[in-house]
Each structure stands twice: as structure tokens, then as C-alpha cells.
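Read the structure below first, then the notes.
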Amino acid sequence: MDRKKQLKQLYKEITVEAGVYQIKNNENEKVFIGSTPNLKTLNGVKFSLENDTHMNKALQADWHQLGKGAFNFDILEILKKQDDPYFNEKEALLELEKKWLNQLQPYGEQGYNKVKE
């Protein structure tokens, strides 16, 4: 098997995990809760913060002011996938995110999230 085929096979074997994460500001204890269908994309979230392009302006402002050393990225929970053919990963991920938003209440002085109506 040539190198290209080996790399393709390795890529196919990588498990993609969906989950909920938090970005915690260690200076003021504020948190941002988010979810992603691929937790490996957290590097992209860091990249957007480092390049002043993150969608959450309050989080972006604190990142810009305090620097990346003031923040921690933590995975709160990995979505357990089901073999059920009717399992909707996107909906399940949204429910998991809602659970963590309700539990941590990262709004106002406690966090960067906005209350969804």
C-alpha cells in the first residue's frame, strides 16, 4: 500500500466526536459555552480568537485585552452517538448544549452567552 492510500485509510479511521465545550476566562471567571459536531475544530475557535474574528464580541474583547494565557478551553461532555437510524446528531447536540447552558448559566456577569428566546 502506498503512502497516500495509508494516509487515506488512517483519515477514515479517525473518530469524529461531537460535544460541548467551554472557554473560561481565568481573570473574571466568565465562561462561554459552545458546541461543535467535531471537537477537533476547537483549534479553529482559538484561531478565530487570535485573529479577532470570533462571533462573540464580548469574549473577543476580553481575549484581545487579556491575551490567550488568561483562558482555558475545556470539553464539558462528548455526545454519545446511538445506533438508532432515527438518531439526529444535530438535535442531540443542541439538547446537550442547552443542558450545560441551564446548568452553568453563563449569562450577564457570569458569562459571554446570550439568552436564546
Side-chain angles (χ1 to χ4, degrees):
M1 194 184 296
D2 69 5
R3 182 75 176 140
K4 192 173 181 180
K5 284 184 180 179
Q6 284 178 325
L7 290 174
K8 279 185 181 179
Q9 186 60 37
L10 285 172
Y11 180 76
K12 288 178 184 178
E13 292 173 7
I14 293 173
T15 56
V16 176
E17 293 181 312
V20 178
Y21 65 92
Q22 80 172 0
I23 303 171
K24 184 174 184 180
N25 180 331
N26 297 315
E27 300 286 322
N28 62 17
E29 301 295 312
K30 282 181 142 185
V31 296
F32 174 80
I33 304 297
S35 63
T36 178
N38 184 353
L39 288 168
K40 290 184 181 15
T41 63
L42 286 181
N43 285 333
V45 175
K46 290 176 190 174
F47 182 82
S48 69
L49 285 165
E50 289 170 0
N51 289 286
D52 288 333
T53 59
H54 195 274
M55 64 192 168
N56 187 294
K57 299 305 173 201
L59 174 60
Q60 183 66 70
D62 282 356
W63 181 280
H64 185 74
Q65 179 183 3
L66 301 170
K68 67 180 178 181
F71 294 85
N72 284 344
F73 284 71
D74 301 300
I75 296 171
L76 297 175
E77 190 170 350
I78 295 172
L79 180 66
K80 292 171 183 62
K81 297 188 181 184
Q82 299 174 6
D83 288 336
D84 181 354
Y86 299 106
F87 177 69
N88 185 325
E89 183 176 313
K90 190 174 182 179
E91 284 181 13
L93 186 57
L94 282 173
E95 287 301 313
L96 194 61
E97 182 179 0
K98 281 182 195 174
K99 177 187 106 171
W100 281 99
L101 288 168
N102 287 334
Q103 186 173 328
L104 297 177
Q105 294 293 309
Y107 309 110
E109 294 298 314
Q110 294 177 296
Y112 297 103
N113 292 84
K114 303 265 189 272
V115 178
K116 294 177 184 172
E117 298 176 20

What pair of heavy atoms forms the shortest contact from [X] to [Y], and how long is it?
{"X": "Glu89", "Y": "Ala18", "result": "OE2-CB, 3.5 Å"}
{"X": "Lys24", "Y": "Val31", "result": "CG-CG1, 3.7 Å"}
{"X": "Ala92", "Y": "Leu79", "result": "CB-CD1, 3.9 Å"}
{"X": "Asn56", "Y": "His54", "result": "N-ND1, 3.0 Å"}
{"X": "Gly34", "Y": "Glu97", "result": "CA-OE2, 3.9 Å"}

What do you reckon, is [atom1] of [X] surrounded by more than 12 foreign heavy atoms closer than 6.0 Å?
{"X": "Lys80", "atom1": "NZ", "answer": "no"}
{"X": "Lys57", "atom1": "NZ", "answer": "yes"}
{"X": "Lys8", "atom1": "NZ", "answer": "no"}

Exercise for the section: Carefully, step by step, assess Lys98 and Glu95 under the rule side chain to side chain contact (heavy atoms under 4.5 Å, CB included). Expected result: CA-CA 5 Å; Lys98 281 182 195 174; Glu95 287 301 313; 3.4 Å; yes
Mind checking the [atom1]-[atom2] spacing from [X] to [Y]? Nearest 0.5 Å is all I need.
{"X": "Gln22", "Y": "Leu76", "atom1": "CD", "atom2": "CG", "result": "4.5 Å"}
{"X": "Leu59", "Y": "Asn25", "atom1": "CG", "atom2": "CG", "result": "8.0 Å"}
{"X": "Leu7", "Y": "Lys5", "atom1": "CG", "atom2": "NZ", "result": "13.0 Å"}
{"X": "Phe32", "Y": "Phe71", "atom1": "CZ", "atom2": "CZ", "result": "12.0 Å"}
{"X": "Lys99", "Y": "Leu104", "atom1": "NZ", "atom2": "CG", "result": "10.0 Å"}

Handout entry: Pairs meeting criterion side-chain hydrogen bond (donor to acceptor under 3.5 Å, both in side chains) with involvement of residues 100-110, two or more places apart
Key = Glu77-Trp100
Practice task
May I have the step-by-step check of side chain to side chain contact (heavy atoms under 4.5 Å, CB included) for Glu50 and Trp63, ending in yes or no?
Solution key: CA-CA 8 Å; Glu50 289 170 0; Trp63 181 280; 3.8 Å; yes
Handout entry: Transitive ILVMFWY side-chain link Leu96 to Val16, under 4.5 Å
Key = no
Exercise for the section: Treating Ile, Leu, Val, Met, Phe, Trp and Tyr as nodes and any side-chain heavy-atom pair under 4.5 angstrom as an edge, say whether Met55 and Ile23 lie in one connected cluster. Expected result: yes
Only distances under 3.5 Å count here; give the side-chain donor-acceptor pairs of residues 37-47 to other protein atoms, sequence neighbours excluded, each with its distance to 0.1 Å.
from, atom 1, to, atom 2, distance (Å)
Asn38, OD1, Lys40, N, 3.0
Thr41, OG1, Thr36, OG1, 2.9
Thr41, OG1, Asn38, O, 2.6

Exercise for the section: Give a yes or no on whether the backbone of Leu49 and the side-chain of Gln60 come within a donor-acceptor separation of less than 3.5 Å. Expected result: yes
Exercise for the section: Verify, without hydrogens or angle tests, whether Thr53 (side chain) and Ser48 (backbone) share a donor-acceptor contact under 3.5 angstrom. Expected result: yes
Exercise for the section: Would you indicate whether the side-chain heavy atoms of Tyr21 and Asp74 approach each other to under 4.5 Å? Expected result: no
Exercise for the section: For the residue pair Ile78 and Val20, establish whether any side-chain heavy-atom pair is separated by less than 4.5 Å. Expected result: no
